[in-house]
Each structure stands twice: as structure tokens, then as C-alpha cells.
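Everything below concerns the one structure shown next.
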Amino acid sequence: VGEAPGQDEDRKGEPFVGRAGQLLTTTLKGFGIERSRVFIGNILKCRPPDNRTPQPDEMAACMPWLTQQIATIKPKLICALGNIAAQTLLNTKTGITKMRGKVMGHVQEIPVFPTFHPAYILRNMSDLPLFAADLQAACKTTGLLPSA
Ligand code: URA
């Protein structure tokens, strides 16, 4: 789960298809997970004006959709990408650096595992190994990858 569609996503009607999405897709593929094996969504269902950070009322307006998506899909794990998704899903103000890489709570009894947002990684490539390790650990937790 990410934050909100960007320009590319709004144009295509699909989440994470721009540069951040390509990084997410290639990182998953790097340890053998095709994008089609995971469901990718966002907190916000349309792009905020000028790509600004979503406001609380906008997130509250969109959450029923994500709540229903989660109830329908029943994922084994929810990976929250970045501060907005992690703080919204976990109802906390704790920053992503403190929460990343482990299960920090549950939504509908599903474990929530925060990591960095791939757009942050595009600006801070030195954190790519941490991001990749988090995603891989998340996939092992779900059984998508063997854990041994
Ligand atoms: N960033 C997000 O949070 N979501 C997208 O779908 C694309 C970029």
C-alpha cells in the first residue's frame, strides 16, 4: 500500500506505474517475485493537486475503499510503503525509519509491515539495500518466498 497515485498512475488508472513503481517492480523481481503475485494499492484513490501530501480529510474519504479492498483480498500481509501509508494504517505518528522492517501492528487482523516508499529510495539510493531486504523479509513472512 502506497500513498497516492501520481501523474503516471492517474493517466493509466493503475497504481505504481511511474518511476517509483518501476523501482518497486524491479526490486521484487530481483529476488524472484513477479509483480502479478502481489496486489498493489494506495491510501488515496486519486492524485492530490500538485502532488502534495494527502490531507487527513482526503485520506478519511478514501479509506473505506482500501478497507474494502483489504477485506475482499484478505492478504497475508500488508506492506506499508512510506510514512503516509504506515502512519495511516497503524494510526501512529512514529516515523518510517523507526518502524521499517518489522510487523508493527495489524489491520483487520492482517500484519502490517512498514518499509520506505520507493520514491524516497529514488532520491536516496544508498537505502536501496534496506528497502530490498525489507521487501524480501515481507515476502518470506507471507510464505511467498521460502524462509530458510
Ligand atoms: N506513489 C504512490 O504512493 N503510489 C503510486 O501509485 C505511485 C507513486
Side-chain angles (χ1 to χ4, degrees), residues 1-31 33-108 110-139 141-142 144:
V1 173
E3 178 178 320
Q7 198 173 22
D8 295 316
E9 289 76 20
D10 247 11
R11 214 177 278 136
K12 274 199 128 183
E14 226 183 291
F16 282 103
V17 290
R19 282 181 68 227
Q22 283 159 24
L23 179 67
L24 177 61
T25 305
T26 54
T27 305
L28 289 168
K29 208 176 169 111
F31 50 81
I33 299 293
E34 292 296 327
R35 180 184 167 119
S36 57
R37 299 198 56 204
V38 298
F39 181 88
I40 302 180
N42 281 306
I43 301 279
L44 243 61
K45 301 307 181 196
C46 61
R47 180 176 180 239
D50 304 320
N51 248 356
R52 59 156 169 69
T53 300
Q55 290 171 355
D57 63 329
E58 294 166 341
M59 295 194 273
C62 287
M63 273 309 283
W65 272 270
L66 183 61
T67 300
Q68 190 56 54
Q69 284 177 308
I70 294 168
T72 304
I73 294 159
K74 297 185 180 61
K76 293 197 179 79
L77 178 134
I78 299 169
C79 187
L81 300 170
N83 268 320
I84 292 288
Q87 291 173 344
T88 305
L89 289 169
L90 294 165
N91 194 23
T92 177
K93 288 189 164 43
T94 307
I96 196 69
T97 334
K98 283 207 172 138
M99 296 196 285
R100 56 154 282 273
K102 51 191 179 289
V103 173
M104 286 298 296
H106 293 77
V107 165
Q108 300 178 34
I110 299 157
V112 177
F113 184 114
T115 188
F116 296 118
H117 193 289
Y120 162 85
I121 300 299
L122 286 174
R123 300 188 304 270
N124 301 272
M125 285 305 272
S126 58
D127 280 334
L128 178 60
L130 289 179
F131 175 65
D134 285 356
L135 287 181
Q136 195 169 14
C139 289
T141 307
T142 64
L144 262 183

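Indexing begins at 1, ligand by ligand and atom by atom, following the structure's order. These figures come from a predicted structure and were not determined experimentally. Any value given below was found using the heavy atoms of this structure, including those in side chains, with hydrogens, waters and symmetry copies removed.
The protein heavy-atom contact nearest to atom 8 (C) of ligand 1 is Phe16 CE2, 3.7 Å. Of the protein's heavy atoms, Ala4 O, 3.1 Å lies nearest to atom 2 (C) of ligand 1. Nearest protein heavy-atom contact of atom 4 (N) of ligand 1 is Asn42 OD1, 2.7 Å.
The salt bridge (charged side-chain N to carboxylate O under 4.0 Å, His left out) contacts involving residues 116-135 comprise Arg100-Asp134, where partners must be two or more places apart or lie in separate chains.
Considering backbone and side-chain N/O of Ala20, none are found under 3.5 Å from N/O of ligand 1.
Which parts of ligand 1 touch His117 is read off a 4.0 Å heavy-atom cut-off, strictly below it: atoms 1 (N), 2 (C), 3 (O). The contact set between ligand 1 and Pro15, taken as ligand atoms under 4.0 Å from a residue heavy atom, comprises 6 (O). Using a 4.0 Å cut-off to heavy atoms of Gly2, the atoms of ligand 1 that qualify are 3 (O).
Every residue meeting the side chain to side chain contact (heavy atoms under 4.5 Å, CB included) condition with Ala71, not counting sequence neighbours, appears here in chain and number order: Gln68, Gln108.
The backbone and the side chain of Glu3 each have at least one atom closer than 4.0 Å to an atom of ligand 1 (non-hydrogen atoms only). Residue Ala119 does not touch ligand 1, judged by heavy-atom distances below 4.0 Å.
For the pair Glu14 and ligand 1, no heavy-atom separation below 4.0 Å is found. Assignment of Gly18 to the shell around ligand 1 is not supported, since no heavy atom sits closer than 4.0 Å.
The CG atom of Asn51 sits 4.0 Å away from atom CZ of Arg47, with the distance rounded to the nearest 0.5 Å.
Looking at heavy atoms from C-beta onward, Met63 lies in side-chain contact with Ile43 at the 4.5 angstrom threshold.
Without hydrogens or angle criteria, Thr26 side chain to Leu23 main chain gives a donor-acceptor distance under 3.5 Å.
In this structure, Ala132 and Phe31 approach most closely via the heavy-atom pair O-CE2, 3.6 Å. Residues Pro114 and Ala86 share a closest heavy-atom pair of CB-CB, 3.9 Å. A pairwise comparison of heavy atoms in Phe131 and Phe116 identifies CE1-O, 3.4 Å as the closest pair.
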